[in-house]
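Ligands are counted one by one from 1 in listed order, and the atoms in each one are counted from 1 as well.
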Amino acid sequence: GSSGSGDSGSSGGGDDKLTMGFAQVGAESGWRTANTKSVQEAAAAAGVDLKFSDAQQKQENQLKAIRSYIQQKVDVIAFSPVVETGWDTVLLEAKRANIPVILTDRAVDSEDTSLYKTFLGSDFVEEGRKAGDWLVANVQGEVNVAELQGTTGAAPAIDRKAGFEEKIAGKSNIKVVASQTGDFTRSGGKQVMEAFLKSNPEINVVYAHNDDMGLGAIEAIKAAGKKPGEDIKIITVDAVKDGMTALAGGEINFIVECNPLLGEQLMDLAKKVVAGEEIPARVVTEETTFTSEQAKAALPDRKY
Ligand code: GZL
């Protein structure tokens, strides 16, 4: 998907460069890799001096990184909170140090929205609804769903589950017979799916909160002698290249896109925040959905 918000271009001759401290979640998935690349490339293009950290999906590492950015007196801090809770204290420290914070990708559950300037990212509940809508419209009869949840406590995991459940509620033929976290990783999806297959012989559909767990589930399904995309339908979220390739090949049946290309919009917002300009409290990214036919058509032009 495109992340266009106009051409941020180079920062031109401007006075001293804007310094951004970015605390990334980790490198757990194809989506995350694409997101990191987008942030780093956009910073270079915008003339932003980027300090970057990878927290290996551990909140304590993100907290450490944010505190180091505060010590270094960066102009702006941006991060994707690995889980929703536990950020109020460090956000208060940044506020007291007069360093504005921008949330990207994932959200926090802080009541005090003065603790950050804006949230740039997807509507994960809507992504879950799109997955549920497709299932209701495209799979008939008795449907036993195995759900591979994202990281426990992460906004995309909580919200993708909620949106999906909203749409299948009241459909007596659709039941979630198993639901467990695969931590957004391919290995996690494979291990959990292996266990699901052992304890639930009649799984008809897998709903994976990201492509990587769906791809892991495909390995487990094949190892169990079943055909992914046929014996067991698979719905995932992200639409990264590996997921779209499996979709085009019929091993995944439907993908809800989650756009990782937030870099340009982030740099634009950061410059506005540091210049003291007003910015929207919430910037939702554009994204769509793909069937197998649409994936075949879209693959050649996909940037990630
Ligand atoms: C969603 C993002 C999620 C992706 C996963 O915006 O936070 O984290 O869906 C990634 O692939 O690990």
Side-chain angles (χ1 to χ4, degrees), residues 1 3 22-39 54-59 61-62 78-85 87 102-109 118-131 147-164 181-190 192 206-218 234-247 252 254-263 265-266 282-290 302-304:
S3 69
F22 190 92
Q24 180 60 292
V25 167
E28 72 283 1
S29 64
W31 190 97
R32 188 64 55 197
T33 311
N35 178 248
T36 288
K37 189 163 174 276
S38 170
V39 168
D54 170 334
Q56 285 96 34
Q57 288 191 280
K58 290 182 176 53
Q59 180 170 28
N61 291 345
Q62 278 193 302
F79 76 113
S80 169
V82 59
V83 293
E84 285 189 343
T85 53
W87 303 98
I102 295 175
L103 295 183
T104 74
D105 168 30
R106 297 186 185 176
V108 298
D109 67 354
T118 187
F119 168 75
L120 163 62
S122 306
D123 179 340
F124 302 128
V125 179
E126 191 51 34
E127 291 174 348
R129 292 192 187 104
K130 290 174 183 174
E147 181 179 30
L148 294 170
Q149 294 181 40
T151 302
T152 303
I158 294 165
D159 292 353
R160 285 172 185 165
K161 186 172 187 357
F164 182 77
T181 181
D183 211 17
F184 281 130
T185 65
R186 202 175 288 213
S187 59
K190 182 179 179 190
V192 173
V206 169
Y207 170 45
H209 291 183
N210 80 334
D211 290 354
D212 293 71
M213 293 190 292
L215 293 163
I218 285 171
I234 300 180
I235 304 165
T236 67
V237 184
D238 275 350
V240 295
K241 192 173 286 296
D242 289 349
M244 293 285 273
T245 304
L247 176 59
I252 290 178
F254 186 67
I255 300 186
V256 177
E257 185 183 35
C258 177
N259 187 346
L261 305 181
L262 306 176
Q265 288 168 286
L266 173 58
R282 177 101 167 73
V283 179
V284 184
T285 43
E286 293 151 35
E287 49 201 38
T288 182
T289 60
F290 293 96
R302 293 292 284 177
K303 289 186 219 153
Y304 58 92

Considering only protein heavy atoms, which is closest to atom 8 (O) of ligand 1, and at what distance to one decimal place?
Arg106 NH2, 2.8 Å
Any side-chain heavy atom of Leu262 within less than 4.5 Å of one from Thr285?
yes
Does any N or O in the side chain of Asn210 come within less than 3.5 Å of the main-chain N or O of Phe184, such that one atom is a donor and the other an acceptor?
yes
Val82 backbone acceptor or donor facing Arg106 side chain under 3.5 Å:
yes
Students often mix this up, so state it plainly: with edges at 30° and 60°, are the rings of Phe164 and Tyr207 parallel, tilted or perpendicular?
parallel
Output yes when a side-chain donor or acceptor of Asp159 lies under 3.5 Å from a complementary backbone atom of Phe124, and no otherwise.
no
Test your reading of the model: is there a side-chain donor-acceptor pair from Arg302 to the backbone of Ala239, 3.5 Å cut-off?
yes
Donor-acceptor pair, distance only, cut-off 3.5 Å: does the side chain of Gln149 make one with the backbone of Thr181?
no
Less than 4.0 Å is my threshold; does some heavy atom of Glu287 fall inside it relative to ligand 1?
no
I'd like to check which ligand 1 atoms, numbered from 1 as shown, lie under 4.0 Å from a non-hydrogen atom of Cys258.
1 (C), 6 (O)
Looking at ligand 1, does Pro156 have a heavy atom less than 4.0 Å from it?
yes
Numbered atoms and elements of ligand 1 in range of Phe124, under 4.0 angstrom, heavy atoms:
1 (C), 6 (O)
Name the closest protein heavy atom to atom 12 (O) of ligand 1, giving the residue it belongs to and the distance to 0.1 Å.
Glu28 OE2, 2.6 Å
Among protein heavy atoms, which sits nearest to atom 2 (C) of ligand 1, and what does the distance come to when rounded to 0.1 Å?
Asp105 OD1, 3.3 Å
Report the member of Val82, Thr104, Asp238, Thr185 with the shortest heavy-atom distance to atom 4 (C) of ligand 1.
Asp238
Contact atoms of ligand 1, heavy-atom distance to Ser29 under 4.0 Å:
5 (C), 10 (C), 11 (O), 12 (O)
Should Asp212 be counted as touching ligand 1, given the test is an N or O pair under 3.5 Å?
no
